[in-house]
Amino acid sequence: MNIYIVWMIGVFVISAACGLAFIPAILNFCKSKKLYDMPNARKVHQNAVPRLGGIAFMPSMFIAFAVALLGINSTQKLVSINVWSFYFMISIFVVYVTGIVDDVLGLSACVKFAVQVAAASLLPIGNLYLNNFYGFMGIHEIPYAVGFPLTVLVIVFIENAVNLIDGIDGLAASLSILAFMGFIYIFAVQGIWSYAILISGLIGVLVAFLYFNLFGDASRNRKIFMGDAGSLTLGMILGVLCVKYSMYNDKVILLRQFDFILPYTLLIVPVFDAVRVSLVRICHRTSPFKADKRHIHHKLMCAGLSQRGALACIVGIAVAYVALNCVLLQFVENTIVFVVDILVYIGLNLVLNLFIRSKDNALARP
């Protein structure tokens, strides 16, 4: 077996073990300090639940990755720290700390947005930016002056899309695990094992988190949410991975075996949902940033599904999109794939709207 695959499994196990150790300690801390996410009309949970589970993500991932680096680098060089890697670590840390502060003390949307933009800007400053569209909409090479703001926009948007989809138990974590598994495959096939191993560590702690998030008993202080510390950090990492793979650099990826649109396929559900909800809010003359119950999980629950049912349905949609695009990319260009994705999503929402309307009409009949 490939030594790197062995280390990926080891990092996953170490990170999961760290998560299983850290999260109960976080639960006890939240109980002692009375740090809870309280239920309200917009939220679907009925009990006060701690929301600091995301604090465990970064330490667990980096502890596991550090062990792998020490083990592998003792015999061969796995990864070296360059300028962009340094900026990446700073940006992740800034977003992570901001999420913790918001979960504990609360921050205004403007402050969080400003921090996100500043953190995302570090990546193109470190020379990691979108520099090629590979023929998407007829666009190929992108100059730095355009790639810089576009990169910041993409990363910040993905951050907030993951944050917004975190509305029912297990959803943001499950979609993130699915996306990370896709990135592991993409980078492993390219032979970029450092990223595959790092991502394996993040999946490990997410699995540990899901145990408490999905199966924990709130009455026994065993249930926890990830909070902004978790969702914003996951979104930041996913955004950076998208940009990292999409950036044309023949010194890193010699033979691009996947179309650049495939990484974004892994995030279609949260990204499309964020766009749809924002457009609906604007059409109703409300702020696109105002929280409401228009997200896809809310619609599925209005259609009669339970939280677990909505979770399974959304994850199924995400998997179906990956399968659909992998097939389409074999036959048509990426612009057509993107258009098909939009049409499919519109169709799904129209069918869901009709189902909800018919259900409401049936309930209204005497």
Side-chain angles (χ1 to χ4, degrees), residues 65 77-95 116-162 176 179-200 202 232-268 270-271 322 325-326 329 333-335 337-338 341:
F65 188 62
K77 196 69 173 178
L78 174 65
V79 64
S80 59
I81 303 298
N82 52 30
V83 174
W84 98 260
S85 298
F86 179 71
Y87 284 136
F88 169 64
M89 289 186 288
I90 293 177
S91 63
I92 291 294
F93 180 75
V94 168
V95 170
Q116 291 170 6
V117 170
S121 297
L122 291 176
L123 280 306
I125 290 175
N127 205 36
L128 180 75
Y129 66 99
L130 295 171
N131 63 356
N132 203 310
F133 265 19
Y134 305 95
F136 177 70
M137 299 183 72
I139 304 171
H140 290 273
E141 189 174 349
I142 301 173
Y144 182 78
V146 176
F148 189 123
L150 182 62
T151 299
V152 174
L153 175 64
V154 166
I155 292 175
V156 171
F157 185 77
I158 291 175
E159 274 186 73
N160 286 282
V162 174
S176 295
F180 285 131
M181 290 174 64
F183 279 115
I184 283 180
Y185 178 72
I186 287 173
F187 286 116
V189 169
Q190 304 290 350
I192 309 176
W193 292 104
S194 57
Y195 290 95
I197 292 173
L198 179 68
I199 298 168
S200 297
L202 193 49
L232 292 179
T233 301
L234 291 177
M236 180 71 181
I237 294 174
L238 286 167
V240 171
L241 291 176
C242 283
V243 174
K244 178 64 178 177
Y245 181 82
S246 300
M247 180 180 179
Y248 178 78
N249 186 348
D250 57 7
K251 295 180 180 179
V252 177
I253 302 178
L254 299 178
L255 180 62
R256 189 170 297 274
Q257 299 185 32
F258 309 104
D259 193 284
F260 93 104
I261 206 170
L262 188 56
Y264 298 97
T265 299
L266 301 171
L267 297 167
I268 273 182
V271 167
V322 173
N325 283 6
C326 284
L329 286 170
E333 62 180 17
N334 49 34
T335 305
V337 174
F338 183 69
D341 289 339

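Hydrogens, waters and symmetry mates are skipped; everything else that's a heavy atom, side chains included, is used.
Annotation for V162 and S176: closest pair CG1-OG, 4.3 Å, computed over non-hydrogen atoms. Contact between G147 and I142 at its shortest, heavy atoms only, is N-CG2, 3.7 Å. When all heavy atoms of A119 and V95 are compared, the pair lying nearest together is CB-CG2, 3.8 Å. For the residue pair C242 and L267, the shortest heavy atom distance occurs at SG-CD1, 3.5 Å. Nearest approach of Y134 to N132, heavy atoms of both residues: N-OD1, 2.7 Å. Heavy-atom minimum distance, I155 versus M236: CG2-SD, 3.5 Å.
Remark: F148 pairs with Y144 by the ring-ring contact (aromatic ring centres under 6.0 Å, His included) rule, at least two apart or across chains. Residues satisfying the ring-ring contact (aromatic ring centres under 6.0 Å, His included) criterion with F88, sequence neighbours excluded, are W84. Under the rule for a side chain to side chain donor-acceptor pair (under 3.5 Å), the partners of T265 that lie at least two apart in sequence or sit in another chain are N325. With sequence neighbours excluded, no residue satisfies ring-ring contact (aromatic ring centres under 6.0 Å, His included) with F93. By the ring-ring contact (aromatic ring centres under 6.0 Å, His included) test, F183 pairs with no residue at all, sequence neighbours left out. Applying the side chain to side chain donor-acceptor pair (under 3.5 Å) test to E159 and every residue at least two apart in sequence or in another chain returns nothing.
Put simply, CG on L153 and CG on L130 are 9.5 Å apart, with the number rounded to the nearest 0.5 Å. Here CD of E333 is found 10.0 Å from CD1 of I261. Values are rounded to the nearest 0.5 Å. Rounded to the nearest 0.5 Å, atoms OH (Y245) and OH (Y264) are 11.5 Å apart. The line from CG of L232 to CD1 of I92 is 10.5 Å long, rounded to the nearest 0.5 Å. Atoms CG and CD1, from L238 and I199 in turn, are 8.5 Å apart once rounded to the nearest 0.5 Å. Annotation: the span from F180 atom CZ to L198 atom CG amounts to 9.0 Å, rounded to 0.5 Å.
A donor-acceptor pair is defined here as one N or O able to donate and one able to accept, closer than 3.5 Å; no such pair exists between the side chain of S91 and the backbone of A120. A donor-acceptor contact shorter than 3.5 Å is absent between the side chain of Y129 and the backbone of L150. A donor-acceptor distance shorter than 3.5 angstrom exists from the side chain of N131 to the backbone of Y248, with no hydrogens or angles considered.
Proximity of V243 to L123: side-chain heavy atoms (C-beta onward) are nowhere separated by under 4.5 Å. Taking 4.5 Å as the limit, some side-chain heavy atom of V156 sits within range of a side-chain heavy atom of N160. L241 places a side-chain heavy atom less than 4.5 Å from the side chain of F187.
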